[in-house]
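Excluded from the calculations below are hydrogen atoms, water molecules and symmetry mates; all remaining heavy atoms, backbone and side chain alike, are included. Just so it is clear, the model here is predicted, and its values are computed rather than measured.
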Amino acid sequence: MTTTTTAAGSSSVVLGGILGAALDANLRGRLSHFITAPDSPAIVLFSPEHRARNTEGDWYGEHAGKWLSAAARAYARSGDAALGENLRGVADYLLSVQEADGYLGTYAEERRFTHPQPPKPLSWDGAPALRTWDIWVHAYLILGLVETARALHDPRYTRAAERIADLCAQALASGIDITTLGNHHGMSATVLMDAALELHEETGDPRFLALARQVLEQANAHPALRLLPALEAGADASEIATGKAYQLLWNLVALVKLCRATGDAGLRDVLERIWQNIREHHLTLGGGPWGGVAHRSREVFNARGSFSPNAYVETCSLLSWTQFNRELLQLTGEARFAEEIERTAYNDLLGAHAPNGEDWCYYSFPNGRRVHTTYWRCCKSSGAMALEELPSIAYTQAGNAVSLNLYGPGEASLVHPRAGALRLRQHTTYPFDGTVSLHVEPEHDASFEVRLRVPSWAQGATVSVNGEAVDADVVPGTFASVTRRWSAGDLLTIVFPLRPVLHHHALRNVQESRAPDGGEVRQQVLDLRYVGLTRGALVYATELIDGFKTEETIRLPDGPQDDWLQVLPVSDGEDGAGIAMQLGYRAPLLFWPYYRAGGREDGAWRLTWLALPPA
């Protein structure tokens, strides 16, 4: 069964706490400074003068569409006049340089996706010798223009996006195979599916659904990609095309939208299976897709079963992982997808973001140094987009039911079919504390359902209304449902017990073969074990140990955990409690929430995983 939920409009949602602070910094920083006008470097790329001489395979044009998407959402939720003016000015300039056939890229005529390119030798990642990101840039432009049209209530921008999609459709109709227009065996071009389906959802026009289907057909036929056949066969995420996390996840976002458009139950099963594969085998403790273990690229999913505390997360993949879960949440209404968004947001996403709103890490390491990336890097725009996803995910409606998906201080103003104007206000210091009080304020008394997400780690959670316990199924990993006649001033409270939890991981290598007699030969040659620490939604990390060590092997005590793993009192103005690990044989190790461990400055060290003695 498919349950479609509707997000609360971002303009009616205010997030507070550390997520709200990140959103405010994003608006003041990246979104207000990186692009401001047609003469901003990332927009000059689209000028006719630059286009005419650009024959190289650059991807930098993606920043325009990403900025439009994030800035439009930020303007819609904030009403910031300066940002709105910049948004309109940049969008109008892009419309002014869109060519008669709909082209709005950065390439010279002979290098455009509308022209067949002669075959060239491919590198390991399926990239032609002369790379092309033309379709990729246009896919982001379509998404950005549609979001701009929504924020500014101006259909001109949607029409410009439609013209791009129509040009893409004409190119494919002429016999061009889209998989020849992108890297990673075509995956960086087949993301056009997502843009086409977004246009279909916006306009209802079947021609954009047809375009998405045609792209998928070509993606399925490519022998090294075989997108849907590989998924249907149960391939591991690392085995699809090159396993490039960012691009594969963006393709999966498109497939969920296609599932929603068509009601294909079989496709839904396939998508939930690959989600489970990624969730179980390819995420850091902080929720980010990780790579970097013994592979030719730093940005592909690690081989299933591999582990290294020094592997890392590309911030771009945090965007597409968040969006994949966003679409699955909208399709199914299931709590597990919202939980993954929250885990990623409070850990790896905040952990890549700097408080100034300008700086981002390209790569984030569970164990390693924080490195802020340079001006042009893709991840700075992806991170800004990912933050702006959060307000519209925090609350959703499905019929008369209202769901809380993300916890933290803030509020939402909704239009409810029974209650009229409905205001929901969260009072909490979550994720640092486990008590969330929700003020329910309907315009008039009404009976309806409020659904509270119960995290999978929240064993023993309780729910009460106006101080009295309610008979609700409070099952970790699901929504607890409270249906009653609500009146203004009702207080709904859910309490999540927060306790430090140890997580064990191992890097193992077992050599397997057969002896001459056919018998199995198995020899374990590597078995390195590690321990990490969480408390509620937060991953914890320590700093450089003893002020200089970048790694440490520890021996865990034998006694009860509460005797040697202690939550510290919170100091005034401090974000969340620290945790002291009292090992007995050395000075205590102090752990802090991962996103701020070691300081949120370039060069700070964080250590999430500590080695254990050999078994």
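- At least one test fails for Arg418 against the ring of Phe448: distance under 6.0 Å to the centre or angle within 45° of the axis.
- Using a 3.5 Å distance cut-off with no hydrogens or angles, the side chains of Lys66 and Ser382 do pair a donor with an acceptor.
- Taking 4.0 Å as the cut-off between side-chain N and carboxylate O, Asp359 and Arg30 do not count as a salt-bridged pair.
- With 3.5 Å as the limit, one finds no donor-acceptor pair spanning the side chains of Gln276 and Glu272.
- Salt bridge Lys257/Glu201: absent, no basic N to carboxylate O contact under 4.0 Å.
- Contact of the Thr344 side chain with the Trp321 side chain is registered, since non-hydrogen atoms from C-beta on lie closer than 4.5 Å.
- If you check the side chains of Thr428 and Asp433, you find no donor sitting under 3.5 Å from an acceptor.
- Cation-pi contact between Arg336 and Trp275: present, with separation from the ring centre below 6.0 Å and deviation from the ring axis of at most 45°.
- Of the N and O atoms on the side chains of His33 and Glu358, at least one donor lies less than 3.5 Å from an acceptor on the other residue.
- Ion pairing between Asp92 and Arg156 holds under the 4.0 Å rule for side-chain N and carboxylate O.
- Between Arg343 and Asp348 there is no salt bridge, since no side-chain nitrogen of the basic residue lies less than 4.0 Å from a carboxylate oxygen of the acidic one.
- If you check the side chains of Glu147 and Ser69, you find no donor sitting under 3.5 Å from an acceptor.
- In summary, Glu198 and Arg150 engage in a salt bridge, as defined by a charged side-chain N under 4.0 Å from a carboxylate O.
- Shown here for Leu23 and Leu387, the closest heavy-atom pair between the two residues is CD2-O, 3.3 Å.
- Of all the heavy atoms in Gly351 and Arg370, the pair that sits closest is O-NH1, 2.8 Å.
- No side-chain N or O of Thr36 forms a donor-acceptor pair with one of Asn86 less than 3.5 Å apart.
- Side-chain contact of Glu339 with Ser456: a donor-acceptor pair under 3.5 Å is present, judged by distance alone.
- A salt bridge links Arg268 with Glu334: the closest approach of a Lys/Arg side-chain nitrogen to an acidic carboxylate oxygen falls below 4.0 angstrom.
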